[in-house]
Each structure stands twice: as C-alpha cells, then as structure tokens.
Amino acid sequence: MSNIGVIISLIIISGGLLAILIYSLRGRDVDRRIIFLFVFIAVASAVLFNIEFKEHPTLIVKKVFDKIENLPSGSRVLISFDYDPAMKPEVHPMANSFVRHCLVKGHKLCLMSLWPQGQALMTETLEEVILEEFPEARYGEDYVMLGYKAGNEGVLNVIITDFRKMYATDARGTNIDSIPIFKEIKSAKDMDLILPIGGGKPGPKEWILFVGDPGNVPVAPGLAAVVAPLIYPYYPKQAIGLLGGVKGAAEYESELRQKYPRFRDVYAPALRMMGPQTLAHIVIMAFIVIGNIAFFRRKRSETGA
Amino acid sequence: MRKGPVIITAVVVCLFIVSWIIKAVNVPAEDSVFRAFAQGFGVTFAAFLTLAVMSFLYRDNPFYKFAEHLYVGVSAAYAMSLGFWTTIVGNLFPRISEGLCNWFEVPYTEFEWHFLIPPALGIILLMRLSPKGGWISRWALAFIVGTTAGLNLPRFLRSDFIEQISATFLPLLVNWHGIGDFFSNLSLSASGQLVSILTNVVIVVGVFCGIVYFFFSKEHKGAFGAASRFGIWILMITFGASFGYTVMGRISLLVGRLTFLGHDWLGLITR
C-alpha cells in the first residue's frame, strides 16, 4: 500500500510540476496558491500512505544519545520544556524520546518549563510516556515536575545558585524539601546533564549562557529547526551535541529503537514525519529549479529582443 | 446583507454540528454522554480552528480572524493564570504570609521581607494604566531594563564572545602523525581524521573570511577582496542552511496538523 502510495503521489506531483514548467516557460506567472497546493499534496499523500524512510544518527545526535547512555544509573537529568503548541510537532518527539531514554537507563528526571504552555505539554509527556510506559517509575524518587516558573533567564540565574529560592514547591504544591530527588540537589550545578528543548526565548541558548557555561554543566539542546543554525556554533564546546528540528528527533528515535527493542512498537512521530518532509522538500526544490529556468529564459529573451 | 458569506457560514456551522455528533457517537461506550459530547466538541473545534487558520493561505477571511484572535486571547489568559498559580501562589505567598498559604493550601516556608519588593514593583508597573500616575511605572521599567542588561552583559560576554573566539582557535591538523599515517587511515567517517581536519579548516577560514567581509576600513581588492568574496559565499551558504531549516520546521508543523486531521478527526490514518 505504501509503495503504491509513493508511486501514485510521485506521478501526480511530477505531472503537475511538468505542467507548471511548461506553463511558466510560456512566460506566465504561477499563482502562489498553486505552490501551496503542491506542497499540501506532497505532505498529505505521504501522511496518508505512511511513507517512511530509514534514519541513521549523525555524529552530533549520536553524542547526545551516547551521553545519556553512558551516564551511570541514578544520574540527575534536567529536561526543560521551553516551547508551546506551535513548536510541538517538531520538538515534542524529542522530549518524549529523552524521557524514555532517561527512564529506561534509571536516571532521575527533573522536568521544568520556562514557557507557560510548556507545563501543559509536560503533563502530556507525563500521561502518555511516563504513566503509560513506565508505571513502575515513582513520583519524587524517579522523576519530579517542577512546572512553569515566570522570569525567563532570571529563573536560570537563580537556580544556578539555589533551586529552593525559586521553587518552594513542585508543580503539585509539595514542599521541595520533602521530595527525595531534591535531597542531593541544591542548584542546577548538581545536575549531570541538562536537556533544554525549545526554539524561542528563553530557550536552549539561555540555558547555555546562564547555566551550562557558568555552572560547567553539560548541555545538550533539542531545537526547533528555525533556531538550530543559531545554536550550532556552541557545538562541541558549549553544547555536547544537539538535535536540530524533526530530522534530529527522527535520528534519535531511530537510535532509541535500534538500541532498545521495547521501543520498536512505540509510536515514533518524528520518524513518520520524515516521509512528508522528503516529498515536500523535493517539491520545493523542483519549484526553485522551475523558477530559475523561467527567470533565465525570460532574461535571455529580453536581452535577445 | 450579501448571500455568499451567509451561505458559507451556514455550511460551516452545519458541517461542524455533523462532525460533532459523529465524533461524539464514536467515543467508546464506557464514557458518559456528557463526556462523549465534550470530547467530540473538543476534537471538532480543534479541527475547525486548524482549517480556519489554513484558510488564510487562500485569502484573509473572518474564520481566520476568529481563530487568530481566539489563540491570542486564550494564550494570554493561560499564561496569566498559570503565572498567578506558579509564581504568586507557588513562590511569593510561601515567603510572605502563612494565612495566604493556608488559604491556597501551599506549604509556608518562612517570611523573607525582600520578597515584598517584586509585588511592589508589579503594582508600580500597573500604574501605567492610570492617566495621572503613568510616569511612576517608568521606575519599574527602568529596574527591568537595568537588571536584564546587567544580568545579560557578563553572560553574553563570556559565552558569545570569549568562548566563541576560543572555539575558533582550532588545530588545522587533527591527530596528525605524519602523511603516511594520514593516508593509511583515510576514512570518510564523520569522526575520522580527514573530516575533522576539513571541518576545522572550514570553521577557521569561514570565520576569518566572514570577518574580512565586514571590515570596511580597507578597500576590498586583491587578496583582501578575494577573502571578502569568499566570506560573502560563506554567509550565503549560512543563510541557505537557515532557510532550509526554516522550511523543515514549517513543514513539520503542517505534518503535525495534517496528522491530527487525518487521525484524530477523520480517523483515516493509524499510528
């Protein structure tokens, strides 16, 4: 079904693109809505026919995976959900993969958010991943939810010296001193790894600037594609590795499935997204080529005349 | 009143009701009727908002405007209420009042007088709403601007300036043990010697030429001009990579919404 779907989609898209090429070579302008329609067809057909491709982790993603993999069991890992529903499709799979990987390795998880909407998405991860796949994980001992705190980088500036000054309670209103995980944690410097996920401000950049560098804590961000090129310069010195957009998330999911067979049947949204991504990118590249051919042909005919 | 918009609105409302009923009927039987209709409404309304926002690609329309305003309003209200419960109730009350802590059922820690300063500044900031006392809010704003600048300056200076410069001082020959060793261990692996050397060369040359392009005190001619031209190529490639990533991000969002429409709303695709 999938193969037939690929063939049908490619025939429709190629035929349409050829028609547009001929149309534009005749000197006519193509309406922008035609481009939207083609991108929509490419994405919708790949989603409908479930087109998937194999992913292999690149070095920059593998370093994040290996870091979590090689930390001794019981290490303290902080995951910050610094995003909102607008970024969810590309970065939420990263958060779920990080949580799965950390819990399967027996790390202690501390979940927090610098974005108000991040708390709802954190709760989603709690319900869909932690409670469903790891019912044996105990709240307060294996993981804790600190929730959202307003203050942007001000929050980071405080927790680098003392968590308790910013968090008197966790997200459920429990006194932080009565939570077992926090018996050995005074500040963010006591974390063995920080995994900030997001793509805005405050986000991964602020975590590097306000916690990673001054506290000498390893930071491995999961990034929305839009900001990934801005964070690449921090690799490898200030960020041990990073996940850039849905491609990074898909590579991580693939590596997690490869290493842990128990996750092979778990829904991997980022891997599922790579099929539509590939088809959509082919269409966009085709439009760039068509646009350039039409431009140079028109220019040539104008100079010739 | 024109007939067209009325007919379109009527069709949208009818489709909405039909979808709501179908979704409510398909909810598992163990759920209560009220819960089934609430769930059906939630999915149908989310699908309607998705389609309303996407309709902007065709042209601006009232459905898009409705979805846009609703999003802004709900986001602001959500952030405000969450800010109240997590920051004021969760962080401020435990430090200033045992009575308030008992009222909101949060644990009291101890009285810390300096926690009274932020709410005072907050009230001063709200004076902006007063026609006569608006100028007072400038004090709180000045505090915000001053502390933000003060906090950011040393962090940016360290992480974005000093650390970035030191990250550019890279060896052009990585793990070099002679030409024979280099060719006998030649590999195209990402962690291999050849790729590591090429990576460092690209970083060092790219940074140098990029800076040369922005150096305007000398005319861009000869070797200097060549370095400048190479610098602009590096910048263009960077912008291209950024554009590529942006496209990937936007397509991801489209995939996310289409997956929602196909799976949660229409039930056409499986996970």
Side-chain angles (χ1 to χ4, degrees), chain A residues 33 36 39-40 43-44 46-48 50 58-59 84 86-90 116-117 119-120 147-151 153-154 157 164 166-169 171 173-175 178 199 208-210 212-214 224-226 228-230 233-234 237-238 244-247 267 269 272-273 276-277 280-281 284, chain B residues 54 57-59 75 78-83 85-87 89-91 93-95 104-109 147-148 151-152 154-156 158-160 163-164 166-167 189-191 195 238 241-242 244-259 261-263 268-271:
Chain A
R33 282 170 287 206
F36 297 153
V39 173
F40 178 81
V43 172
V47 169
L48 202 62
N50 188 17
T58 46
L59 185 66
D84 62 1
M87 268 184 270
K88 187 189 166 192
E90 53 176 343
Q117 294 91 341
Q119 181 156 328
Y148 160 72
K149 198 65 80 177
E153 49 267 57
N157 217 44
R164 284 158 183 82
M166 188 50 76
Y167 289 94
T169 63
T174 314
N175 192 324
S178 63
I208 294 170
L209 264 63
F210 287 84
D213 283 349
V226 177
L230 304 175
Y234 296 113
K237 209 177 169 201
Q238 294 156 279
V246 75
K247 171 89 171 103
Y267 176 55
R272 287 280 287 269
M273 273 191 210
Q277 283 283 353
H281 276 74
I284 290 165
Chain B
M54 283 182 177
L57 291 175
Y58 183 70
R59 69 172 178 218
S75 296
Y78 181 76
M80 196 173 154
S81 58
L82 206 63
W85 286 103
T86 59
T87 307
V89 175
N91 214 15
F93 290 169
R95 269 73 177 236
F104 285 103
E105 296 176 350
V106 287
Y108 177 70
T109 53
T147 47
T148 307
L151 286 174
N152 282 347
R155 300 295 190 219
F156 276 83
R158 175 182 171 157
S159 298
D160 272 7
E163 293 279 356
Q164 286 292 297
S166 86
S189 153
S191 54
V195 175
T238 310
S242 289
Y245 263 109
T246 306
V247 169
M248 184 168 80
R250 302 302 177 233
I251 297 293
S252 299
L253 303 186
L254 177 60
V255 177
R257 290 332 291 162
L258 289 183
T259 306
L261 291 176
H263 179 263
L268 290 174
I269 52 171
T270 52
R271 280 186 174 173

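Labels below follow one simple rule: chain letters A, B, ... track the order of the sequence lines, proteins then strands, and each chain is numbered from 1.
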### Message
So for A:Arg272, is it side chain, backbone, both, or neither that comes closer than 4.5 Å to the heavy atoms of chain B?
### Response
side chain
### Query
What distance do A:Arg33 atom CZ and B:Leu57 atom CG have between them, rounded to the nearest 0.5 Å?
10.0 Å
### Task
Go through A:Val226 and B:Arg250 one step at a time and tell me if the side chain to side chain contact (heavy atoms under 4.5 Å, CB included) criterion holds.
CA-CA 9 Å; A:Val226 177; B:Arg250 302 302 177 233; 3.7 Å; yes
### Task
Using non-hydrogen atoms and a 4.5 Å limit, figure out which bit of A:Tyr167 sits close to chain B: side chain, backbone, both or neither.
backbone
### Message
Less than 4.5 Å to any heavy atom of chain A: does that hold for the side chain of B:Phe104, its backbone, both, or neither?
### Response
neither
### Query
For A:Asn157, is it the side chain, the backbone, both, or neither that has a heavy atom closer than 4.5 Å to a heavy atom of chain B?
side chain
### Message
Out of B:Ile269, B:Thr147, B:Val89, B:Thr238, return the one with the most heavy atom pairs under 4.5 angstrom to chain A.
### Response
B:Ile269
### Task
Count the heavy-atom pairs under 4.5 Å between each of B:Pro154, B:Gly83, B:Pro107 and chain A, then report the option with the highest count.
B:Pro107
### Heavy-atom pair count under 4.5 Å with chain A, highest-scoring of B:Thr87, B:Leu151, B:Val106, B:Thr246
B:Leu151
### Query
Checking B:Thr270 against chain A: side chain, backbone, both or neither under 4.5 Å from a heavy atom?
backbone
### Query
Are there more than 12 heavy atoms of other residues, nucleotides or ligands under 6.0 Å from atom OH of B:Tyr108?
yes
### Query
Measuring heavy-atom distances to chain B, does A:Glu153 have an atom under 4.5 Å in its side chain, in its backbone, in both, or in neither?
side chain
#### Entry: Nearest atoms (heavy-atom pairs only) where A:Gly199 meets A:Met87
N-SD, 3.4 Å
### Task
Search all heavy atoms of A:Pro116 against all heavy atoms of B:Tyr78 and return the closest pair with its distance.
O-CE2, 3.3 Å
### chain B contact via A:Ala44 - side chain, backbone, both or neither, heavy atoms under 4.5 Å
both
### Query
Distance from A:Tyr234 atom OH to A:Asp213 atom CG, nearest 0.5 Å?
8.5 Å
### Task
Provide the closest heavy-atom pair for B:Glu163 versus B:Ser159 in the form atom of the first, atom of the second, distance.
CB-O, 3.5 Å
### Message
Report which part of A:Ile284 has an atom under 4.5 Å of a heavy atom belonging to chain B: side chain, backbone, both, or neither.
### Response
side chain
### Query
Do you know which of B:Leu258, B:Asn91, B:Leu261, B:Val247 has the most heavy-atom pairs with chain A at a distance under 4.5 angstrom?
B:Asn91
## Note on the structure
Looking only at A:Phe40, A:Phe36, A:Phe210, most heavy-atom pairs under 4.5 Å shared with chain B are made by A:Phe210
### Message
If we ignore hydrogens and angles and just use 3.5 Å, is the side chain of A:His281 paired with the main-chain N or O of A:Gln277 as donor and acceptor?
### Response
yes
### Summary
So, the part of A:Ala120 with a heavy atom under 4.5 Å from chain B: the answer is both
### Query
Can you name the nearest heavy-atom pair linking A:Pro214 to B:Arg155, along with the distance?
CB-NH1, 3.6 Å
## Note on the structure
Counting heavy-atom pairs under 4.5 angstrom with chain A, the leader among B:Arg158, B:Met54, B:Arg59, B:Glu105 is B:Arg158
### Query
Can you tell which of A:Gly245, A:Ala224, A:Gly244, A:Ala225 has the highest number of heavy-atom pairs within less than 4.5 Å of chain B?
A:Ala225
### Query
Where does A:Lys88 contact chain B at under 4.5 Å (heavy atoms): side chain, backbone, both or neither?
neither
### Message
Looking only at heavy atoms and a cut-off of under 4.5 Å, which of A:Asp84, A:Val43, A:Leu230, A:Val39 has the most pairs with chain B?
### Response
A:Val43
### Message
Is A:Gln117 close to chain B through its backbone or its side chain, or both, or neither, when contacts mean heavy atoms under 4.5 Å?
### Response
both
### Query
Side chain of A:Gln238, backbone of A:Ile208: donor and acceptor closer than 3.5 Å?
no
### Query
Looking only at atom types and distance, does a side-chain atom of A:Lys149 sit under 3.5 Å from a main-chain N or O of B:Thr86, one as donor and one as acceptor?
yes
### Query
Measuring heavy-atom distances to chain A, does B:Arg257 have an atom under 4.5 Å in its side chain, in its backbone, in both, or in neither?
neither
### Query
Among B:Gly90, B:Pro94, B:Gly244, which residue forms the greatest number of heavy-atom pairs with chain A at distances under 4.5 Å?
B:Gly90
